[in-house]
Amino acid sequence: MPSYPMLLIAVFLLLISQNSICQKIPISGMRCYQQNYTSAGLTELFDGNKDSKAFTGWSKIISNYDAYYSLLPNENMTIDSVRFYDKEGVFTNTPLKLYAINSNWERKLIATFKGETYNAWVGPYPTRPNVIALDTPIADVKYLVLTIFNNDFPGEIELYGCYTAGTQPTNTSKTYAPLKNMFGVNGFEWDIVDAVSPGKVNAKKFDALKAFNGFRHYIDWEKLEEVEGRYMFSPVARGGWHYDTIYKRFKEEGTDVLACIKTLPPWMIATWPSNQQSWDNNPVRYGKNYSDPLSYIEMAKVAFQYAARYGNNPDLDTALVSVYSVPKWPADPVNVRKTGMNLVKYIECDNERDKWWKGRNGYLTGREYAANLSAFYDGHKNTMGPGAGVKNADSNLQVVMTGTASVNTDYIKGMIDWCKEFRGYKSDGTIDLCWDIINFNFYCNDQGTSQSGSSTRGAAPEVSNITQVVQNFLQVSHQYANDIPVWITESGYDVNQGSPLKAIPIGNKTALQTQADWILRSSLVYSREGLKKAFFYQVYDANANAGYKFSSSGLINKDTTRKPAADFLFQTNKLFGDYTFSQTINNSPIADMYTRQNDTMYAVWMPTENDSTANYTLSLPNAQSVMIYTPVAGQSEMSVQQLPVLNGEITIMATETPIFIVPSLQMLNL
């Protein structure tokens with residue numbers, strides 16, 4: 001007598017139309033992305049092993065959430081039947097549901113799983129568990145969506161029907177930015193001016209910032225709009241800082257500013273219940289729908305005013321521009337309405353909007369954050385009226401998405417698909433995204449977890465997973481976002497040995513010296529991997545004596561002198577900032593070639609963190625000599641040594657501190 005599973009399969013074969021191609025539809029769990037903070041994916045649901053059950057982590061931010069499976073271009077499926085392997089657990093009140101989304105973004109329920117049977121295959125309808133054929137086949141499938149409750153999963157999900165494989169994405173082709181783009185820093189207005197003279201740049205503080213080639217300016221929203229509708233910039237509403245003065249000085253120096261508007265102003269915080277008030281909450285009035293762009297109109301308005309002033313659109317209708325010109329106290333300078341000052345090129349919509357550690361009040365899913373960004377970007381395609389959105393003030397000002405704390409690209413995939421659904425496509429066929437630059441934050445550590453998990457110390461960039469992380473973001477940009485630039489806006493190391501992100505003493509080097517090595521090597525890794533900009537955290541220590549994350553990661557001393565890491569960046573930028581990565585010619589030691597017009601430079605170092613050294617022979621058949629530059633802590637110049645090239649080769653000692661080799665056609669000067 002045939003077994004029970006065999007009878008099910010026989011029934012399935014009889015129920016499928018004779019005209020359809022009977023096959024199991026291949027589903028790659030790696031292509032599923034979840035709209036929640038999770039620690040693992042859904043590969044076990046589709047891996048062919050009914051006894052391996054998916055588990056995506058405890059303490060999720062959202063208990064009931066969606067996971068999406070996007071079909072590839074030209075990929076087609078008509079689903080005739082669905083079956084689940086019911087391994088263990090009963091989910092009667094929290095069923096897993098499978099939906100299909102068609103080309104019109106209509107969502108249709110396909111199947112429901114309640115876990116009411118044990119160790120058996122069941123079909124899509126809980127009241128008819130032995131029937132696996134759908135009542136009506138599902139065609140025109142563009143997405144599959146699972147609605148999930150916590151970790152209530154079957155052991156396996158299988159789909160059957162007609163299937164055509166799609167066009168596989170091509171691998172990204174890297175392009176490279178000048179090395180100087182990898183030398184940015186995070187900071188605040190008080191890193192440039194003094195509280196006693198908020199309208200005047202402190203020369204010593206600004207000289208210290210010359211180690212960096214970009215400044216990510218953390219702006220608390222309340223500085224611009226302490227009282228709703230009263231916009232202030234120079235001086236700002238809280239603290240009296242003069243942003244005009246600061247940005248003019250940066251422009252004179254040739255330093256790009258990334259303005260990161262973050263945190264809630266007091267009038268918005270006040271709309272939240274007293275026991276839920278936090279400046280780090282999601283940027284809406286309490287009770288607003290996170291999925292509706294209109295919920296973020298207040299942020300869209302302040303972004304418009306900022307972009308109108310500091311962007312480059314001098315022809316903007318001044319009637320749309322507002323400043324609060326009443327002095328806060330007698331003799332206080334007043335704000336003057338200005339437009340098109342052309343001082344800021346980049347603006348970022350909040351920082352780490354995926355703050356899972358803040359709970360639901362501080363966490364937006366990727367799709368919710370896209371709604372936030374759509375308002376911030378252009379007033380959700382100009383539907384919010386005049387005076388809302390960056391692009392409506394200056395269409396050329398570049399909008400940078402939030403630096404995500406998690407480096408799981410599920411977040412950005414959700415953002416992209418939200419734009420497909422609610423913003424559509426441009427005339428050239430590309431998705432109408434509401435940001436110009438992809439952005440993430442990452443701190444290399446011994447667990448590869450950035451800001452989460454149980455790391456015990458920082459890790460050198462080459463032994464961490466940063467290369468894979470960068471590649472993942474570049475691939476998402478290439479596959480879905482027309483290869484828009486990818487940045488990292490926070491990375492770095494503490495030096496306090498109590499921190500789980502600390503640089504460690506290695507050999508005869510102190511933690512400060514290791515921090516210098518790892519910071520410079522991070523810049524070189526970011527350059528070779530194809531990032532377009534990088535910013536380190538941060539200018540000054542928050543509290544050098546504290547063992548908390550990020551407290552001792554400053555790159556400038558209190559007396560405004562540079563720490564070794566800033567020395568290394570300053571020296572490298574001065575000599576080689578205009579060089580661009582060309583190719584890697586050796587992996588251990590690393591030997592990377594950089595070019596600048598007709599000039600060539602080689603960066604050589606050991607990709608280790610154990611005081612390793614190695615002899616490396618560089619082939620230079622056309623050179624007569626080389627200049628070897630070595631970064632030096634406490635100095636403004638690298639040490640330099642000139643050596644002859646013998647028989648077209650030069651052998652040098654590679655260490656964990658990068659050195660830079662410049663070949664010359666000239667003979668050695670004796």
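Heads up: numbering here begins at 1 and tracks the sequence. Bear in mind the structure is a predicted one, so any value in this text is a computation, not a measurement.
Looking at Q475 and N171, their side chains come closer than 4.5 Å, going by heavy atoms from C-beta outward. When side chains are defined from C-beta on, P169 does not count as touching Y480, because their heavy atoms never get closer than 4.5 Å. Side-chain contact check for N312 versus N396: every heavy-atom pair is 4.5 Å or farther apart.
Aromatic rings from Y411 and F440 are positioned such that their centres are separated by 6.0 Å or more. Ring centroids of Y443 and F550 are separated by less than 6.0 Å, placing the two rings close together. Taking the six-membered ring for Trp and the full ring otherwise, F183 and F212 have centroids separated by 6.0 Å or more. Taking the six-membered ring for Trp and the full ring otherwise, Y247 and H217 have centroids separated by under 6.0 Å.
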Assess the residue pair S636 and R562 against the criterion (side-chain hydrogen bond (donor to acceptor under 3.5 Å, both in side chains)); give the C-alpha distance rounded to whole Å, side-chain angles, the decisive distance to 0.1 Å, and a yes or no. CA-CA 9 Å; S636 295; R562 295 186 299 263; 2.9 Å; yes

Yes or no on ring pair (Phe, Tyr, Trp, His ring centres under 6.0 Å) for F188 and Y540, after CA distance, side-chain angles and deciding distance? CA-CA 10 Å; F188 303 87; Y540 293 97; over 10 Å; no

Run the side-chain hydrogen bond (donor to acceptor under 3.5 Å, both in side chains) test on N282 and Y290 for me, step by step, so that the C-alpha distance in whole Å, both residues' side-chain angles and the decisive distance to 0.1 Å come before the verdict. CA-CA 8 Å; N282 294 321; Y290 293 160; 3.2 Å; yes

Test side-chain contact (heavy atoms from CB on, under 4.5 Å) applied to D436 and I484, step by step: CA-CA 7 Å; D436 302 303; I484 63 174; over 6 Å; no

Report the C-alpha distance between E298 and W221 in whole Å, list the side-chain angles of each, state the deciding distance to 0.1 Å, and finish with yes or no for side-chain contact (heavy atoms from CB on, under 4.5 Å). CA-CA 11 Å; E298 295 87 357; W221 185 347; 4.0 Å; yes

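Looking at K391 and D378, no side-chain N of the basic residue comes within less than 4.0 Å of a carboxylate O on the acidic one, giving no salt bridge. Of the charged side-chain nitrogens involved, none lies within less than 4.0 Å of a carboxylate oxygen, so that E368 and R353 do not count as a salt-bridged pair.
Remark: K288 NZ is loosely packed, at most 12 non-hydrogen atoms of other residues, nucleotides or ligands lying under 6.0 Å away. With a 6.0 Å radius and a threshold of 12 heavy atoms from other residues, nucleotides or ligands, Q597 has its CD atom at or below the threshold. In this structure, K328 places its NZ atom where more than 12 heavy-atom neighbours from other residues, nucleotides or ligands lie under 6.0 Å away. Counting heavy-atom neighbours within 6.0 Å of K345 NZ, excluding the residue itself, gives a total of 12 or less.
With K262 as the partner, the salt bridge (Lys or Arg N to Asp or Glu O under 4.0 Å) test is satisfied by one option alone out of D350, D280, D220: D220. Of the residues listed (D191, D207, D194), the one engaging N202 in a side-chain hydrogen bond (donor to acceptor under 3.5 Å, both in side chains) is D194, and it is the only one.
Once rounded to the nearest 0.5 Å, the distance linking CG of N213 with CE of M182 reads 10.0 Å.
Ring-plane geometry between F535 and W487 is classed as tilted, the angle between the planes lying from 30 to 60 degrees on a 0 to 90 degree scale.
Using modelled atom types, one finds a donor on one side chain and an acceptor on the other under 3.5 Å when comparing T489 with N441. The closest side-chain donor-acceptor pair between N335 and Y324, if any, does not fall under 3.5 angstrom.
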